Amino acid sequence: MSDIAIIGAGYVGVPLAYTFAKEGRSVLLVERQPERVEQLNRGESYVEDVPSEALSELVDKGLVRATTDYDELREVEAILIALPTPLSAQREPDLDIVLGATRDIAARLQKGQLIVLESTTYPGTTRERLKPVLEESGLTAGEDFHLAFSPERVDPGREDWTTKTTPKVVGGLTEECTRRAVELYSSALDTVLPLSSPEAAELTKLLENIFRSVNIALVNELAQLCDRMGLDIWEVVDAAATKPFGFMRFEPGPGLGGHCLPVDPFYLSWKARQYDFYTEFIELAGKVNANMPYFCRSLISQALNHGRELSLKGSKVLILGVSYKADVQDTRESPALKLIELLRNAGANVAYHDPHVPELPQYGLSSVPLAPADHDCVAIVTAHGTIDYDRVVEDAHLVIDLRNATNSNGRIDGKVWKL
Ligand SMILES: NC(=O)c1ccc[n+]([C@@H]2O[C@H](COP(=O)([O-])OP(=O)(O)OC[C@H]3O[C@@H](n4cnc5c(N)ncnc54)[C@H](O)[C@@H]3O)[C@@H](O)[C@H]2O)c1
């Protein structure tokens, strides 16, 4: 019997399970994909932040176990939901996965259990959407069982802050719900901060993501202006970052990627419309960031034109790095994918190299060996730490550096063109 169940063994669920288990709590991961369940029960981790060696020790001790069977939920003290919250085709919140799982939980809900939603979502989800479904069990939230929201703040690939050391905010439906959730997380995490409501906790997470999205959009807009003014945006960002107060460094790039930043802010703009309110910063940031792959395509085209007297049509372009950020394997919403599509539509012959991503089946592509000279140009889209960029510049005919990964001076430095 486990203490805690976590629904969804993904980028959030696995590190969370690992963190609780390392502190001696026994955790059951409830996961839909049987292959993932088998892998976890063999002690094999498919999430970069959790090393297989450490996971298998915890599996051997019986502290981590995975299952596809929701019936086991009857036995646990707390159920944490770490499931995807995507956008629908109309770019509206799609809570089907979370609400489907909530129905499965409701069918097995026991008196005294604590349910916490960790998935990023709009303010009101826990109270307006989860509570009624859970109460179909015949039990009442805040009386018979406890309900709270506590956003996950994991940043895959980051080593200085972990699930254990990153402060966790918690907002329960009632004071007792908050107290129970704080008690649970405090058994494994260093700092837990109670808030007054689930809505405050839901909006906290969105503020964090929107803050990043808006600031990235700001430097992306300035990068486009710098292109016209003949200035080097990276020099300007580096210089501004020398100010010890009142400035926070954000970097331009080929666009937003990952499961969070391109998606989550729109959960709030959707909810805001219910209050006759338009979240203009979110929309504007979305527009600027979504335009970056288009801007980068034209930069590649210009570089081929002026640098090599070639047109994009028919040119061989090597995309270096396709995951959404450095040193991870996740390609969800990666701007590299959009760029591949745009370059192909323009008639370019696109190949890619990424040590973390062996295949891109949706494009019929596999990672090719890194041989820059075999291509008309190399576009550095995601700058993994393991690549020798001096070597890439040495070997390539032309480099378009969208991440300031090369040691080049100025926007155009010999065969290097920078964003
Ligand atoms: N990935 C991040 O960096 C990150 C950071 C903070 C917050 N979040 C939020 O956390 C939530 C989860 O994201 P994630 O990146 O871990 O997702 P993920 O896709 O990596 O993992 C979700 C897992 O849930 C499983 N699953 C789907 N439906 C299921 C069901 N009905 N029952 C059991 N398992 C099911 C999937 O097979 C998958 O293994 C999202 O709301 C996301 O926005 C993610």
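Just follow the structure's listing: the first ligand is 1, and inside any ligand the first atom is 1. Keep in mind the model is a prediction, meaning the values are calculated, not measured. The analysis underlying the following values was restricted to heavy atoms, covering all of them including side chains, and did not include hydrogens, waters or symmetry mates.
Residue Pro156 approaches ligand 1 through these ligand atoms, each under 4.0 Å from one of its heavy atoms: 3 (O). Every atom of ligand 1 with a heavy atom of Arg36 under 4.0 Å away is listed here by number and element: 38 (C), 39 (O). If you number the atoms of ligand 1 from 1 as listed, the ones under 4.0 Å from a heavy atom of Lys205 come out as 6 (C), 7 (C). Short contacts between ligand 1 and Ile97, defined as distances under 4.0 Å to a heavy atom of the residue, involve ligand atoms 28 (N). Using a 4.0 Å cut-off to heavy atoms of Ala9, the atoms of ligand 1 that qualify are 23 (C), 39 (O). In summary, the atoms of ligand 1 found under 4.0 Å from a heavy atom of Tyr11, numbered by their order in the structure, are 1 (N), 15 (O), 16 (O), 20 (O). Listed by atom number, the atoms of ligand 1 under 4.0 Å from Val30 heavy atoms are 33 (C), 34 (N).
A donor-acceptor contact shorter than 3.5 Å is absent between the side chain of Ser88 and the backbone of Asp94. Under a 3.5 Å cut-off, the side chain of Asn220 and the backbone N or O of Asn289 do not form any donor-acceptor pair. Side-chain atoms of Arg108 come within 3.5 Å of backbone N or O of Asp104 as a donor-acceptor pair. With hydrogens and angles ignored, the 3.5 Å screen pairs no side-chain donor or acceptor of Thr331 with any backbone N or O of Ser334.
Here's the thing with Arg32: one of its N/O atoms is less than 3.5 angstrom from an N/O atom of ligand 1. Inclusion of Ile7 in the set of residues having an N or O under 3.5 Å from an N or O of ligand 1 is not warranted. In terms of polar-atom proximity, Arg332 is counted as a contact of ligand 1, with an N or O under 3.5 Å from an N or O of the ligand. At least one N or O atom of Tyr70, backbone or side chain, sits closer than 3.5 Å to an N or O atom of ligand 1. Where the criterion is an N or O separation shorter than 3.5 Å, residue side chain and backbone included, Arg153 fails it with respect to ligand 1. The shortest N or O to N or O distance between Glu118 and ligand 1 is not under 3.5 Å.
For atom 9 (C) of ligand 1, the nearest protein heavy atom (residue, atom name, distance) is Thr120 OG1, 3.5 Å.
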Subject >> Step-by-step side chain to side chain contact (heavy atoms under 4.5 Å, CB included) determination, Leu256 to Ser213 >> reply: CA-CA 8 Å; Leu256 287 187; Ser213 167; 3.9 Å; yes
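For atom 26 (N) of ligand 1, the choice among Asn209, Leu83, Leu261 with the nearest heavy atom turns out to be Leu83.
Within the structure, ligand 1 has Ala82 among the residues with a heavy atom less than 4.0 angstrom away.
Under the 3.5 Å distance criterion, with hydrogens and angles disregarded, no donor-acceptor pair is assigned to the side chains of Glu152 and Tyr11.
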